[in-house]
Amino acid sequence: MSETERGREGERTDRTTADGQFGRYGGQYVPEALMPALEELEDAYERYVLENEDGFMDEFERRIRDFGGRPTPLGRADRLSERYDSEIYLKREDLVHGGAHKLNNALGQVLLAKYMGKERVIAETGAGQHGTATAMAAAHLDMPCEVYMGRTDVNRQRPNVFRMRINGAEVNPVDIGRGTLKEAISETMREWSRTVERTHYVIGSVVGPHPFPAMVRDFQAVISEEAREQAREQLGSLPDAVVSCAGGGSNTMGAFHHFVPDDSVDLYAVEAGGSSLEVDEEAGVAPNSATLSTGDEGVLHGARTTLLQDSDGQIMESHSVSAGLDYSGVGPELAHLVDEGRVTPVTVDDTAALEAFHRLSTDEGIIPALETSHAFGYLHEAFESGEDLGETVVVNVSGRGDKDLETVIEETEKRGLESAPDMSVFETGGGI
Amino acid sequence: MSETERGREGERTDRTTADGQFGRYGGQYVPEALMPALEELEDAYERYVLENEDGFMDEFERRIRDFGGRPTPLGRADRLSERYDSEIYLKREDLVHGGAHKLNNALGQVLLAKYMGKERVIAETGAGQHGTATAMAAAHLDMPCEVYMGRTDVNRQRPNVFRMRINGAEVNPVDIGRGTLKEAISETMREWSRTVERTHYVIGSVVGPHPFPAMVRDFQAVISEEAREQAREQLGSLPDAVVSCAGGGSNTMGAFHHFVPDDSVDLYAVEAGGSSLEVDEEAGVAPNSATLSTGDEGVLHGARTTLLQDSDGQIMESHSVSAGLDYSGVGPELAHLVDEGRVTPVTVDDTAALEAFHRLSTDEGIIPALETSHAFGYLHEAFESGEDLGETVVVNVSGRGDKDLETVIEETEKRGLESAPDMSVFETGGGI
Amino acid sequence: MGDDAADAAGASGSADSRTGTDATATAFDGGGAFVPYLAVGDPTYEASLEYVEALARGGADLIELGLPFSEPMAEGPTIQGAVTRALEAGMTPDRFFEFVSELDVDVPLVCMTYYNLIYQYGSSDGPRSFVERAAEVGLEGFVVPDLPAEEAGPLREACDEFGLDLIFIVAPTTRGDRLERMMERVSGYVYVQARLGATGAREDVSDQTGESLERLADWEIPKAVGFGIKTGEHAERIAAAGADGIIVGSALVDIVAEGHEDDRPVEETADRLAEKARELKAGATRGAESLPEPEHP
Amino acid sequence: MGDDAADAAGASGSADSRTGTDATATAFDGGGAFVPYLAVGDPTYEASLEYVEALARGGADLIELGLPFSEPMAEGPTIQGAVTRALEAGMTPDRFFEFVSELDVDVPLVCMTYYNLIYQYGSSDGPRSFVERAAEVGLEGFVVPDLPAEEAGPLREACDEFGLDLIFIVAPTTRGDRLERMMERVSGYVYVQARLGATGAREDVSDQTGESLERLADWEIPKAVGFGIKTGEHAERIAAAGADGIIVGSALVDIVAEGHEDDRPVEETADRLAEKARELKAGATRGAESLPEPEHP
Ligand SMILES: Cc1ncc(COP(=O)(O)O)c(C=O)c1O
Ligand SMILES: Cc1ncc(COP(=O)(O)O)c(C=O)c1O
């Protein structure tokens, strides 16, 4: 297919603004019933977020500071810096209320729903991080909240389900298909179609139909806004590289956004390489979620973007040890930045991510989320293989790993990783 | 016993400085083997902490900012403010790295150990909060770390044991007695006696022999230093009251310290009332840990202070639904401030604390630690009973409640609390 | 893409240049048209052939054939179930086209599927290959639930090229500008969504239907109402409210699902489908007959 | 507290004004004194009486009687076990004093306990009541592991009032100023801690012992070495290094614990204790005899 055809295909013929398009990605591929809601949301996005009508952005900034704990630090990682003979700095989104960058977006959207006069919010969640962030934001802003979560995920992410319930949110298990994130998103879209007039759908990443990718990016862009300023203050210059893990791409876009115009700053989006980059077309399964690296263009959950799909266009299941990266799509803007060569997509497999988890924990005293561990896995592989990421590298610590302890221990043991601490303290039962 | 006798008893005859005394409390009641270490520590405390020798305090402040996430916000609690018709502000120590104020102290002490040339640190832990904070700080500063923890606690606080191990700390189960905090402290003291020359003991609260109570307070005082400044900036005045939960008293002393000279600010230390304020002398058990409210003077773990003890002077076991408040002693300075009438000790029972846990979670989107919930329990009881705490009240949110989810759910169910969300989402098993 | 292309795309969907097969529109000529939906390949290719033929026997005026997509974002649980069964039994776009070729019915056939399958088909991205192949096997048009008019330019273009219809769904929330835009683009018939929510058979027939039909009163294209029609009586009421046809999916898929779960012979399920079709067709016809003579131009 | 009181307290412990019973110091007169420790009430009040008497029979020159405290901060696991058993069997300060009254031995007895029990005893806070009662039942002094010289003012004062000894522990880490301070306060004998760590029987006898004894060479008070002495041979080596006596706790408590766990008759355990006492006393005596004649003033 020629560039011209592609260009044509991506173009939209009668949109009043071009905001929804990132090169040939983006758009609004949703049931007609949702289109009016998207138009309403576009309008609200433009007025409140872009133009700060009624002081919306002022209130958002105040709340994400006082409730969310911003700004988060940019701190030097002493031992990693020594290890790699380079200045490694950590942008600490793990310190945001709730333990991940997810609240930046959830708080922004729930507040927007309030300004729009919506009566309730709904959200999908996979591992439960976005669901808990939305539940917290909704409790904080006194907004009824329902979260859709696949039954399998409900059962394997109990602590996050507890947290949502304790924050007063309803959790609706989705008993369809495999009962994981993909089904939860589809079900939330359906629920939104049913109740669209009074409900806002708080989507969890820079995915979905316009204006979500742009709006979620804008709420997350506070990460790079702060980091850029902090780097200039603390280092006297911009970093040479920013490294971030990419599932849907929200922490990535947040960490990259304000650096995109800085040509000297290399941007690395680290995807989950899972157990292998090969796919099993027959089974419809990709043993990874390396969408940017191995996927191709298609339409999923409301947007044209890069996807994991078979040659027919059926969506493939992704697989990663990290639930938050386990998604078959990726945000359209990130897909575009990769096409443009502005962002370099790389992958890190499950084992390397686990090793990086342990490395950061013992070297720096920060237990990262398994998602985040992928970013550190790449940092390691790059420096170990002699690839020079530059003199100063900022890694975005998208979240903390408390939620992942059981998984990490199990997977570490299964693999017999040397870098892991042994847990035999539990085995020698004392006589109490 | 007359005041004079008490004054005499508390006096020390040949100390060069009076720092170790808070009225008649404090001192250094430790085995002789530890005395030289305490003298060395006093010296280091004076030079590094009080006089900022070698820029120690500068480094501490930088690290507690960039690694620990300080300053933490002082944020308005909108719905609580409405509920109580008073301005309620939250000092957000739950946002400190690790999820509690504990890191302020742990980071300070591990850094001090480094400046002192120590080769390793040891710490006791009960619920695991101080142990995890110390393990994080030790990993961050590249210091070997061993944590002593009662066997019972090891078994019931698995996630925190995982976190310590993952941060590279050794966890040594203590197979003595009931295997809880009291035994862990005694065992850590013993281990310190054995290896005192190369080891620093990172004690977890404002307890123990001088200089620990003063030093831990100084590391925690950053809480009130920030809060006082933030209150002046955000409210234009000092608050009328500061409310904080008290176990050993470190978050309390931290939250109170800079307000102590402000006579207009009332200070409330909220203790765990457990299931009852009565005690069972026969069994040696107090079904609470209301040391300030019900205990009396004695000597425990190196200091003269207020204790839960029977009439013989045997230490009584304390009991609270919140592991972090479950201690039979309290810091000597806090005991003194209560005697002086500067701090008002109050108690909140298990059930009221659980209710407050749910209230803060659903009203404000902040899941507090069970320890912290006691502070909110008092806030509620005071306002509901018509006692006016003032126009602006600061509550110290000493930690987050992720660690407490299982306990809360169990205890909530057991009590059939109405305020709690029901968890039946887990019961209707889907056909996956 | 230059302005020319954009103009061309824009023009292609305008009311006057609307192309497409006559067949689809003609299916509604008598009024009270019955438009059933089934997921192709549910529960197997063979059974599915029988079922579709049974619907034709039962009086279908036009059939919507679902090509299963792994993420059926607009469907309720019933059709999701059908889609899952069909995919598990190996349905693919190529098998779907084979199915259409093999099918022995003489009513117009429309393909209902999601845009990604259309977009990915063939050697180059873009909808053209899919439309070309659809035309070859004799399909008359498309319903694409995740393709609003705004994103439909390229598919509209390909449909024009091959003379196929592009049917849009009008939702209860669709108003004003959006209706205009859609009217310019639609061909064949318009799918009127009876109420908010995903597909699925419901007991009641929504009040929103009458309102929706009113908003479309001046559209010169047949209006078929779907979402939640379950019985002949429903069908009658909808047709009596002015719909040119009724679209029924979940109520039929339920019969397929039951047959599958209870392990009934294919013949038996086919007979039940035909019978249900007759009930619905009869209802629609009664409804249509109760209407005053249409004032055709 | 005024300066007077402070002076008084300071003075009371000075080398020349040191008071106390003669009994304790005298126990070391022959050199190679054997000082056993047992936790009173372990495992029962009655058995404990037999055990202490057995130690006296075995040649004890002075006995340290442990009054169990719930937080034995300075003890190793062996003595912690003893303390726990004794507390569970109902030992209290009053029962302890009763025990001392009832005990039929004629060597000096010293009470080893933690400061909180001393402080809380009686109707008023402060150590005086405890010391008064101790004097009444015939105790000769105190070893208080959590009471360093700096905190010992009030207890020293009460001891002076009732003529009892206050024994301090000198640790391997105790040096310079601290030694001076202690020398001014100590009476009866000084407890030389053989090495760092909590109490507990060990296989080796630490090199630190000789060094410690050297640091105390000019103290005019008997030096008893404890921590880790387990056999007659250990005892001999320690005494030969210049100790005036050896203190043995864990090795004896081990025998009590074994007797309890194996459910042996009290008599049998008492005999084993007496035998162990004889072994230790003999070793200490041999060690003392190997020394050059002391240059007493
Ligand atoms: C900590 C953390 N990092 C990263 C991600 C991936 O999402 P995104 O790519 O949108 O940042 C998640 C998703 O749950 C997450 O929890
Ligand atoms: C969150 C939290 N708050 C309070 C406490 C009580 O300790 P302190 O009284 O020293 O602040 C603890 C102890 O573990 C804690 O974890």
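All chains are named by letter (A, B, ...) in the order of the sequence lines, taking the proteins before the strands, and each is independently numbered beginning at 1.
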Between [X] and [Y], what is the shortest heavy-atom contact and its length?
{"X": "B/Ala33", "Y": "D/Ala171", "result": "CA-CB, 3.4 Å"}
{"X": "B/Pro36", "Y": "D/Thr173", "result": "CG-O, 3.1 Å"}
{"X": "B/Gly313", "Y": "D/Gln120", "result": "CA-CG, 3.5 Å"}
{"X": "B/Val299", "Y": "D/Phe69", "result": "O-CZ, 4.4 Å"}
{"X": "D/Ile169", "Y": "B/Glu32", "result": "O-CG, 3.0 Å"}

Ignoring hydrogens and geometry, is there a side-chain-to-backbone donor-acceptor pair from B/Gln314 to D/Ser70 under 3.5 Å?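 Flag set: sc B/Gln314 to bb D/Ser70 pair under 3.5 Å.
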
Taking the side chain from B/Arg190 and the backbone from D/Glu75, do they hold a donor-acceptor pair closer than 3.5 Å?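 Side chain of B/Arg190 to backbone of D/Glu75: a pair is present.
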
Which answer fits [X], side chain, backbone, both or neither, if we ask what part of it has an atom under 4.5 Å from a heavy atom of chain D?
{"X": "B/Ser311", "answer": "backbone"}
{"X": "B/Leu300", "answer": "side chain"}
{"X": "B/Ile176", "answer": "side chain"}

Less than 4.5 Å to any heavy atom of chain B: does that hold for the side chain of [X], its backbone, both, or neither?
{"X": "D/Leu87", "result": "side chain"}
{"X": "D/Pro72", "result": "both"}
{"X": "D/Thr92", "result": "both"}
{"X": "D/Pro145", "result": "backbone"}

Under a 4.5 Å heavy-atom cutoff, which of D/Leu147, D/Val144, D/Ile118, D/Asp146 has the most pairs with chain B?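 Between D/Leu147, D/Val144, D/Ile118, D/Asp146, the count favours D/Asp146.
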
Kindly indicate, with the supporting measurements, whether the criterion side chain to side chain contact (heavy atoms under 4.5 Å, CB included) is fulfilled by B/Glu187 and D/Gln80. CA-CA 11 Å; B/Glu187 184 60 26; D/Gln80 284 176 52; 4.1 Å; yes

Do B/Gln28 and D/Glu151 meet the criterion of a side-chain donor-acceptor pair at a distance under 3.5 Å?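 Note: B/Gln28 and D/Glu151 side chains miss the donor-acceptor criterion.
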
Side-chain H-bond candidate by donor/acceptor type, D/Asn116 with B/Gln309, under 3.5 Å: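 Note: D/Asn116 and B/Gln309 side chains meet the donor-acceptor criterion.
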
Validation row: B/Glu39, D/Arg178 side chains within 4.5 angstrom (heavy atoms):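 Yes, their side chains come closer than 4.5 Å.
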
Could you check whether any side-chain heavy atom of D/Glu150 comes within less than 4.5 Å of a side-chain heavy atom of B/Met35, counting everything from C-beta outward?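 When only atoms from C-beta onward are counted, B/Met35 and D/Glu150 do touch, with a gap below 4.5 Å.
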
Roughly how far, to the nearest 0.5 Å, is the CD atom of D/Glu71 from the OG atom of B/Ser186?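 So the gap between those two atoms works out to 4.5 Å.
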
Roughly how far, to the nearest 0.5 Å, is CZ of D/Arg95 from CG of B/Asp312?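 Those atoms lie 12.0 Å apart.
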
Kindly check if the number of other-residue, nucleotide or ligand heavy atoms within 6.0 Å of CD (B/Glu278) is above 12?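 At most 12 heavy atoms, drawn from other residues, nucleotides or ligands, come within 6.0 Å of this atom.
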
D/Glu258 atom CD, neighbour heavy-atom count above 12 within 6.0 Å: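 Enclosed: over 12 neighbouring heavy atoms sit under 6.0 Å from CD of D/Glu258.
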
Can a cation-pi geometry be assigned to B/Arg304 and D/Tyr119, taking NZ or CZ under 6.0 Å from the six-membered ring centre and within 45° of the ring axis?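 Geometry flag: set, cation within 6.0 Å and 45°.
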
